[in-house]
Amino acid sequence: MSEKTSPHADINEIDRTAGQVPDAQGRGWTLALVSAATFMLLLDLTVVNVALPDLRTAFDVGFTELQWVLDAYALTLAVFLLTAGSLADKLGRKRVFNLGFIAFTLASLVCGLAQDILVLNLARGVQGIGAAVLFAVGPALIGNVFQGKDRGKAFGVFGAVGGLAIAFGPLIGGALTEYLSWRWIFLLNVPVGVFAIVVGALRIRESKGTANHPVDWAGLVIFSGALGLLVTGFLRGHAEGWTSPLILGMFAASVVLLVVFYLIERRLGEAAMLDLSLFRIPTFNGVSMAALMWNSAVLGSLFLEISYLQNALGFTAWETGLRFLPMTLTIFVAGGIGGALTATISPKLLATTSGALMATGVGLMTLVDTGSSWTALLPSMIVQGIGMGIYTPMRAALSVGVAEPEKAGMASGIGETFQQVGIAVGIAGFGALFQSRVTDSLESSEVSGQLGGKVDEFGEAVAGGAGNEAVATLPRGLAERASDAAHTAFVNGLEDTMIACSTMVALGTVLVLLTVRTKDLHASARGDQDPTSLDQPSAAAEPVTSGR
């Protein structure tokens, strides 16, 4: 237990080391900036997808180079989350958060001005590092200044804004790409980032953990290397071959480094970057694994839904975004309601309800057939949107809530790591499944014989969104039949993949049903701590981050 706070202690020192809760205005600015950061980061996960056809034309590149526009961001984002959260607890959450905003803003500027695909992909990697910092530290900042019911409401706003970013991504990306340029999907971040950096420096109060341990540099490097190899293996597994020496070598090296990391962390104890005792908490384990499973399936399915509207039904980026508005509005409303419910309803009930809704919503995508219009997606959008809206604030609150406040950055970082690894694995894994099913469908079609040895190449083009370009290269007599076969194959592949995604979400839902427990939450998350510690320094009150 940490020492009692002296009644004569300087209030600024108390705020800095103990995470003393600021006034309502300070809390409002913190929530606003974290929510703005989350909106920008999640927007960049979806907005780039609708601009890929324009990027392909602008840089005259193939599928592999284009894939790295997504993979570079996803890779560095996943790798540096825990590192960012742990450093923030030790060096100061405000300081690290603002540095992350600076990195993200500068990288966005370089992305928007890039003249070749290599520069764009390298800048996307740096953008992912900045995003990792903001993702990891943001929920910790909210958890540090809001307690009890107020924390639930704050995470409700946070979740609603995150849901808006995911759902509005296609609309915003479509508008910018169609009416301005693809460059503006990155350049738009710059003025917002500059404003946020200035406001953050002036309005957010500093907080960090009270433990005076040195930075665990060995753990930071080894964990980042292990996660980098793991995520890269999943991202490149389909292209290189899942059983190729390169991919198997990456997975093997990742396992070895994770074992070394575990041994280092166990030896360091309290000084470790990752508190291994978290993995003895059933709720933390269940929520973390469910986050990986849910994000891999739900985000993987969302990207395929966008692809279906654009590539199978032929809508422009702007038209695609408009048709996602039902999901957008549903996520926004459900996110606000879900955040408020985190303080009043059993986390087990809330988690299983959101998971069941997401599994059902993804499964409803199987209503789509070869003759469907876009309205066939509406049942899926509505049900899935409700589940996603409830899920986001609930997951963020639980990830932070199981840890002592002084370790909020670390807990948030590892929670976000599971989430972002899930996204990277889902896009890669379910994307590979989708491509495989599309190719299988084409191989069994009547045009397979006429395509000959090009059927696999044609299937890859259809799955990757370049089906029209591939059809245009075929002889006139074959093109029309190949186009019909491609559409059928796309829909068949979509249906099979959505069944797999829905099953994955359902398994994650069963997991949280078995593991989530209210008693695993820390006192500050339940709202049952001494209220005098929240409003003013007191000789009888311990700092909020003391870990009582």
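Starting from 1, each residue takes its place in the sequence as its number.
- For residues 496-514, every residue pair satisfying the salt bridge (charged side-chain N to carboxylate O under 4.0 Å, His left out) rule, not counting sequence neighbours, is listed here: R437-D496.
- Closest approach of N121 and A72 over heavy atoms only: O-CB, 3.5 Å.
- Residues forming a side-chain contact (heavy atoms from CB on, under 4.5 Å) with M293 (at least two apart in sequence, or on another chain): M504, L507, L511.
- No donor-acceptor pair closer than 3.5 Å links the side chain of S296 to the backbone N or O of G426.
- Legend: residues meeting ring pair (Phe, Tyr, Trp, His ring centres under 6.0 Å) with Y262, ordered by chain and number and at least two apart, are absent.
- L304 places a side-chain heavy atom less than 4.5 Å from the side chain of T497.
- Here the shortest heavy-atom pairing between L230 and S254 reads CB-OG, 3.4 Å.
- Taking each heavy atom of I499 and T503 in turn, the nearest pair found is O-OG1, 2.8 Å.
- Ring pair F418/W294: centre-to-centre distance not below 6.0 Å.
- Atom-to-atom distance recorded for Q384:CD and S502:OG is 9.5 Å, nearest 0.5 angstrom.
- With sequence neighbours excluded, the residues satisfying side-chain contact (heavy atoms from CB on, under 4.5 Å) with V110 are V119, A123.
- Closest approach of V126 to A103, counting heavy atoms only: CG1-O, 4.3 Å.
- Using a 4.5 Å heavy-atom threshold, the side chains of V512 and T283 count as separate.
- With sequence neighbours excluded, the residues satisfying ring pair (Phe, Tyr, Trp, His ring centres under 6.0 Å) with F101 are F97.
- Using a 4.5 Å cut-off on side-chain heavy atoms (C-beta onward), F104 and I197 make no contact.
- One finds the CG atom of L106 at 7.5 Å from the CD1 atom of I102 (value rounded to the nearest 0.5 Å).
- Within the 4.5 Å cutoff, the side chain of F186 has no heavy atoms near those of the L109 side chain.
- M388 CE to L302 CG: the interatomic distance, rounded to the nearest 0.5 Å, is 5.5 Å.
- Between the side chain of Q115 and the backbone N or O of L113 there is at least one donor-acceptor pair closer than 3.5 Å.
- For the residue pair A218 and I264, the shortest heavy atom distance occurs at CB-CD1, 4.4 Å.
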Between L229 and L257, does the side-chain contact (heavy atoms from CB on, under 4.5 Å) criterion hold? Intermediate values first, please.
CA-CA 9 Å; L229 288 167; L257 288 178; 3.9 Å; yes
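- Minimum interatomic distance between V505 and A297 (heavy atoms only, all atoms of both residues): CG2-CB, 3.5 Å.
- Not a single side-chain hydrogen bond (donor to acceptor under 3.5 Å, both in side chains) links E305 to another residue, sequence neighbours left out.
- With sequence neighbours excluded, the residues that form a side-chain contact (heavy atoms from CB on, under 4.5 Å) with S224 are V79, F80, T83.
- For F251, the ring pair (Phe, Tyr, Trp, His ring centres under 6.0 Å) partners are F234, not counting sequence neighbours.
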Derivation of the side-chain contact (heavy atoms from CB on, under 4.5 Å) call for L202 and V198
CA-CA 6 Å; L202 296 175; V198 173; 4.1 Å; yes
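- Here the CG-OG distance, from L299 to S301, works out to 7.5 Å after rounding to the nearest 0.5 Å.
- Two residues are said to be in side-chain contact when any heavy atoms from C-beta on lie closer than 4.5 Å; F195 and V192 fail this criterion.
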Could you walk me through whether D440 and S436 pass side-chain contact (heavy atoms from CB on, under 4.5 Å), step by step?
CA-CA 6 Å; D440 289 346; S436 173; 3.8 Å; yes
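- Residues satisfying the side-chain contact (heavy atoms from CB on, under 4.5 Å) criterion with L248, sequence neighbours excluded, are absent altogether.
- By the side-chain hydrogen bond (donor to acceptor under 3.5 Å, both in side chains) test, T352 is found to be paired with no residue, residues two or more places apart in sequence or in another chain being considered.
- Between the R183 side chain and the A114 main chain, a donor and an acceptor come within less than 3.5 Å of each other.
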Would you check, one step at a time, whether the test side-chain contact (heavy atoms from CB on, under 4.5 Å) holds for T515 with N285?
CA-CA 8 Å; T515 58; N285 291 330; 5.9 Å; no
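- The side-chain hydrogen bond (donor to acceptor under 3.5 Å, both in side chains) search around S354 returns none, not counting sequence neighbours.
- Atoms CG and CD, on N189 and Q127 in that order, are 6.0 Å from each other to the nearest 0.5 Å.
- R124 contributes a side-chain N or O that, together with a main-chain N or O of V69, makes up a donor-acceptor pair within less than 3.5 Å.
- For D116, the salt bridge (charged side-chain N to carboxylate O under 4.0 Å, His left out) test picks out no residue, with sequence neighbours left out.
- A distance of 7.5 Å separates CG of L258 from CG of L227, quoted to the nearest 0.5 Å.
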